[in-house]
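It should be emphasised that the depicted structure is a prediction, and the values quoted were computed from it without experimental measurement. In this chain, numbering begins with 1 at the start of the sequence shown. Numbering of ligands and ligand atoms starts at 1, following listing order.
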Amino acid sequence: MKVTNLDERIHVLDSASNVMTVIKDIALSGLQEEAFYVLDIGDIVCKHQIWKEKMPRVSPYYAVKCNDNLIVIEVLAALGIGFDCASKSEINKVLSVGVDSSRIIFANPAKPASHIRHAAAVGVDAMTADNESELHKIKKLHPSAKVVIRIRCDAEVAQCQLGMKFGCDPIYEAPNLLRLARVLGLNVIGISFHVGSGCRDPPVFYRAIRESKILFDLATDLGFKPYLLDIGGGYPGDKGTSIDKIANVINEALDEFFNTDAVHIIAEPGRFYVASAFTLATSIHSKRSVRGDENSPNSVTHNMYYINDGVYGSFNCLLYDHQHVTPIPLKKGCGKIYPSSIWGPTCDGLDQVVENIMLHDMELGDWIIFENMGAYTLPVASPFNGFPVPKVHIVADENIWHLLKDALPLTEDHFVIGNTPANLRLGLGISGTDTNAWRNSNIELTSSEILADVTNPPTAYIYDYLEVDL
Ligand SMILES: Cc1ncc(COP(=O)(O)O)c(C=O)c1O
């Protein structure tokens, strides 16, 4: 595929640059007024490496709904990952980059008829269902579908619960669905669940995998040959978080209940892959200093900062995804700190990003950075009140470029190397580059020129903004 729009290409950074210096360059260029994202491809590759190390048996199928940025999809496709799609248009997006339909699961248990017809037409066969009506619909519209019965097993604590909407009861409903599927002549290939997004109850995976095993046995008794266990999403993805505990529980449960290669284990991680890869830079366009109380009418008691992205844009995640965000001023503050609040740009009083925080005094044009903004932000954002959804500047270091430049669907054309008029820090000194740094046999690329051997696993993907002196 020929990439023509400069903004959509991956800018290869020289060794002196990183996400933070790019943000600084763009923000302080004097040319940038709008909020913008920097997407670090290395962060996504690093996450994949972690996934493969921690859960080698589990094949990830990225949940496109979490962030459908085309380069994200292309990078994940290049890494050999599968995809969880919720709709016809997500399926089309994934197919458009050349992913084979067999690498897609249509993991929406309540699908519009036309979307099922479309899945059948393009060869997406694996799909979930959690009710009788859906089974009848699938029988009518895609009779050769590979049906996965989604059960309910909720985490006791999760950022977003899903069980109230999806997943049949594993004891009272799932057996009847299996029997109905048998009567209808459908092909049930396995069981899926989603414990809730942003799961904070690792043992729930044990319970869900145990329930799945019981249903695998029943399905086998009924004459099916189940071979797919889909353990859904729920894995944290912010900087500083870890999937270790969840991975341990999953690995142990798989050993106990599915200790066979005959069962293929997949998962549908969303936020794990993208949350920390996206950093948002916003600027202050207006400020209101609330002054005084009765005793000192002239002193500032609270600063209200109005920035160029809000809850109708990227920060919709505060409302829909129950996220908490941490503002990081780009410029090191000094002097007194004030009780402050941060507001989005629209005329709605609901459009508040941070309610109450102590901050140094900032001025119009100052920038505020928000990390971990990759999950459930951009796909939901709207230009309400006429404020544009922030653009994404995509960067990768030289090692990532070496790793991915020939990994289909990525090609050389996806990368920008050397000096360009773009207001990004570029200029690549290729000589002396250590291309070993990203060589990892755990990562299977779709290209034949796969780099091999782990030498130095990447460590540096946590950025410390406080170190940046302006
Ligand atoms: C069916 C399904 N799979 C996967 C995901 C991704 O979940 P997470 O981002 O928590 O990994 C979701 C999120 O809503 C989902 O609905």
Side-chain angles (χ1 to χ4, degrees), residues 44 47-48 50-51 54-55 58-69 72-73 76 81-88 90-91 94 103-111 115 119 124 126-131 134 147-168 190-202 204-205 208 212 228-238 241-243 245-247 249-250 265-278 316-317 319-323 372-380:
I44 295 178
K47 288 293 186 59
H48 186 53
I50 292 169
W51 184 280
K54 303 291 175 186
M55 289 189 278
V58 184
S59 305
Y61 278 53
Y62 172 68
V64 176
K65 62 181 79 66
C66 187
N67 188 323
D68 63 350
N69 178 287
V72 168
I73 291 172
L76 293 174
I81 289 175
F83 293 89
D84 148 19
C85 296
S87 63
K88 171 179 169 173
E90 285 191 0
I91 288 173
V94 173
R103 278 167 66 191
I104 296 175
I105 180 164
F106 195 174
N108 183 343
K111 297 169 280 300
H115 295 224
V124 171
M127 55 185 64
T128 59
D130 68 358
N131 64 78
E134 195 72 8
V147 179
V148 179
I149 301 293
R150 174 155 160 188
I151 59 168
R152 177 175 186 177
C153 191
D154 296 347
E156 277 171 20
V157 187
Q159 202 168 320
C160 301
Q161 294 286 0
L162 300 171
M164 74 296 264
K165 185 169 180 186
F166 293 122
C168 62
I191 302 293
S192 77
F193 57 80
H194 193 310
V195 299
S197 190
C199 168
R200 295 197 192 105
D201 171 21
V204 70
F205 281 93
S212 302
L228 188 87
L229 174 64
D230 175 355
I231 63 172
Y235 321 91
D238 284 3
T241 59
S242 157
I243 57 166
K245 278 193 186 145
I246 287 178
V249 172
I250 288 171
I265 316 290
I266 70 169
E268 301 165 0
R271 73 176 76 242
F272 171 75
Y273 270 98
V274 287
S276 56
F278 285 71
N316 70 79
C317 62
L319 305 180
Y320 300 128
D321 193 38
H322 312 289
Q323 278 191 41
N372 301 311
M373 289 295 289
Y376 305 107
T377 50
L378 279 169
V380 195

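Shortest non-hydrogen contact noted between Ile246 and Phe205 is CG2-CE1, 3.7 Å.
Ser197 pairs with exactly one of His322, Arg271, Gln159 by the side-chain hydrogen bond (donor to acceptor under 3.5 Å, both in side chains) rule, that one being Arg271.
Among residues two or more places apart in sequence or in another chain, the salt bridge (Lys or Arg N to Asp or Glu O under 4.0 Å) test is passed with Lys88 by none. A search for side-chain contact (heavy atoms from CB on, under 4.5 Å) contacts involving Val58 returns Trp51, Met55, Ile231, Ile250, Leu254, Ile265, Ala267, not counting sequence neighbours. Under the salt bridge (Lys or Arg N to Asp or Glu O under 4.0 Å) criterion, Arg150 pairs with no residue at all, not counting sequence neighbours.
The closest side-chain heavy-atom distance from Asn131 to Cys168 is not below 4.5 Å.
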Less than 3.5 Å apart, N/O on ligand 1 and N/O on the protein: could you list those pairs with the distances?
from     : atom 1 : to     : atom 2 : distance (Å)
ligand 1 : 3 (N)  : Asp84  : OD2    : 2.9
ligand 1 : 3 (N)  : Glu268 : OE1    : 2.6
ligand 1 : 7 (O)  : His194 : NE2    : 2.9
ligand 1 : 7 (O)  : Tyr376 : OH     : 3.4
ligand 1 : 9 (O)  : Arg271 : N      : 3.0
ligand 1 : 9 (O)  : Tyr376 : OH     : 2.5
ligand 1 : 10 (O) : Ser197 : OG     : 2.5
ligand 1 : 10 (O) : Gly234 : N      : 3.0
ligand 1 : 11 (O) : Gly234 : N      : 3.0
ligand 1 : 11 (O) : Gly270 : N      : 2.8

